[in-house]
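Given the structure is predicted, the values throughout are model-derived calculations rather than measurements.
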Amino acid sequence: MSALLQKLRGLRTEAGLAAPVIAPPASTDVRRLVQFRAKHTRPALPIASLDREVVGEEIAPGLRFTETHADWPSPPGIIDARFARLDDPVHGANLMHFDTETTGLAGGTGTRAFMIGAADWVGERFRIRQLTITSMSAEASMLRTFASWLNPETVLVSYNGKCYDAPLLATRYRLARLPNPLMGLRHLDLLHPVRRRWKGVWENCRLATVERQLLGVVREDDLPGSEAPAAWLTYLRGGPATNLRRVAHHNAQDLRSLAGVLLHMARIP
DNA sequence: CCGGCTGGGTTTGCGGTAAG
DNA sequence: CTTACCGCAAACCCAGCCGG
């Protein structure tokens, strides 16, 4: 029972909720067990980490926001997206590149997004915005903020987002009882056109490979995507934010590559 | 005339593959 | 652990034709 209570308390702390008042154990047996535990167990991370700096400003409790602008030689005007089997031309100003970082790959209801990166063209500049939650309870604010960036004319751009990011966000919006802002939007998923063209030519068609072959991007100090869940969970449990910042860095690079690959495939210099 | 084979075109099914 | 899509192959369908 004590272990259960402790687990519950931990979960409530992670969720950003105040610790509930726990009634003292009824029997002396239980009390002795609690005392034994207190004596022989220690918190998972006894020392609060020194490095707890998360980038960006807090725009809501537990929700951090960053906005950067990248210089880019040529913003797209109208894009012929038939290479991605979108028959109607796409206005560059309606593009919304997006990429999520999540707690795992399992896709189902157990997986949540802790970071949403989105990038679009604002005039002559490429704008990258990122949302990161530092508590479970901030998820709804993050989802609402991301929704406010989209409109019915938005054309989503992603890498495998049709199968991964979009369905995952759809379940997160449903669980948060919020309308799904991705519903009905056109979606340009670059994975499939890339595969059609370079499958069998390159060793694989992962985004990291595509950006290297097509854009000459060489990532330095890159955190593998598979380590993203641990980076966030470590921070959530009071650990250092070092790797969480690297996840944000990685996410921003993914967004730049998304735009680069799109322009390359649409034959825009 | 009728049953069954064949060729051309479409549909269905399955394996592989990205995403953290 | 999941989900969607692509590409390829097997299956399927139908028409046309030939042999019995």
In whole angstroms, the gap separating P of B:dG20 from CG of A:Leu191 amounts to 11 Å

How long is the line joining CH2 of A:Trp198 and P of B:dG16, in whole Å? 24 Å

Under 4.0 Å from OP1 or OP2 of B:dT17: is there any side-chain N or O of A:Arg195 that close? no

Salt bridge flag under 4.0 Å for residues A:Arg246 and A:Glu101: no

Along DNA chain B (nearest heavy atom to each residue), the more 5'-positioned of A:Ser226 and A:Lys199: A:Lys199

Go through B:dG20, B:dA19, C:dC5 for me and flag the one nearest to the A:Glu101 side chain. B:dG20

In terms of ring plane angle, is the pair A:Phe126 and A:Trp121 parallel, tilted or perpendicular, where the classes change at 30° and 60°? tilted

Base, sugar-phosphate, or nothing: which does A:Ser158 touch, judged by heavy atoms less than 4.0 Å apart? nothing

Between A:Lys162 and A:Arg197, which is nearer to the 5' end of DNA chain C once each is assigned its nearest nucleotide? A:Lys162

Output the rounded distance in Å from CG (A:Asn160) to C1' (C:dC5). 9 Å

Counting the atoms with a prime plus P, OP1 and OP2 as sugar-phosphate, which does A:Asp189 contact under 4.0 Å by heavy atoms, base, sugar-phosphate, or nothing? nothing

May I ask you to establish whether A:Arg52 and A:Tyr235 are in a cation-pi arrangement, using a distance under 6.0 Å from NZ or CZ to the six-membered ring centre and at most 45° from the ring axis? yes

When you check the gap from the basic side-chain N to the acidic O, do A:Asp120 and A:Arg129 get nearer than 4.0 Å? yes

Carboxylate-amine/guanidinium proximity below 4.0 Å for A:Glu57 and A:Arg64: no

Write down the distance between CG (A:Leu156) and P (B:dA19), rounded to a whole number of angstrom. 18 Å

Side chain of A:Cys163 only, heavy atoms from C-beta on: which candidate in C:dA4, B:dG20, C:dC6 is closest? C:dA4

Spacing between A:Tyr164 atom OH and C:dC1 atom C1', to the nearest angstrom: 11 Å

Taking the side chain as every heavy atom from C-beta outward, state whether A:Tyr159 and A:Asp254 have any atom pair closer than 4.5 Å. no

Can you measure A:Phe114 atom CZ to B:dG20 atom C1' for me and round it to whole angstrom units? 8 Å

Between B:dA19 and A:Arg206, is there an OP1 or OP2 to side-chain N/O distance shorter than 4.0 Å? yes

Can you identify which nucleotide, out of B:dG20, B:dA19, C:dC5, has its nearest atom closest to the A:His192 side chain? C:dC5

What's A:Asp254 touching, base or sugar-phosphate or nothing? Going by heavy atoms closer than 4.0 Å. sugar-phosphate

Let's see if you can work this out: which of C:dG7, B:dA19, C:dT3 has an atom nearest to the side-chain heavy atoms of A:Arg196? C:dG7

Could you please name the option among B:dA18, B:dA19, C:dA4 that lies closest to any side-chain atom of A:Leu207? B:dA19

B:dG20 pairs with, by Watson-Crick or G-U criteria that keep both distances under 3.5 Å: none

Starting at atom CG of A:Leu236, determine the distance to atom P of B:dG20, rounded to an integer number of angstrom. 20 Å

Taken to the nearest whole Å, CG/A:Leu105 to C1'/C:dC1 is 8 Å

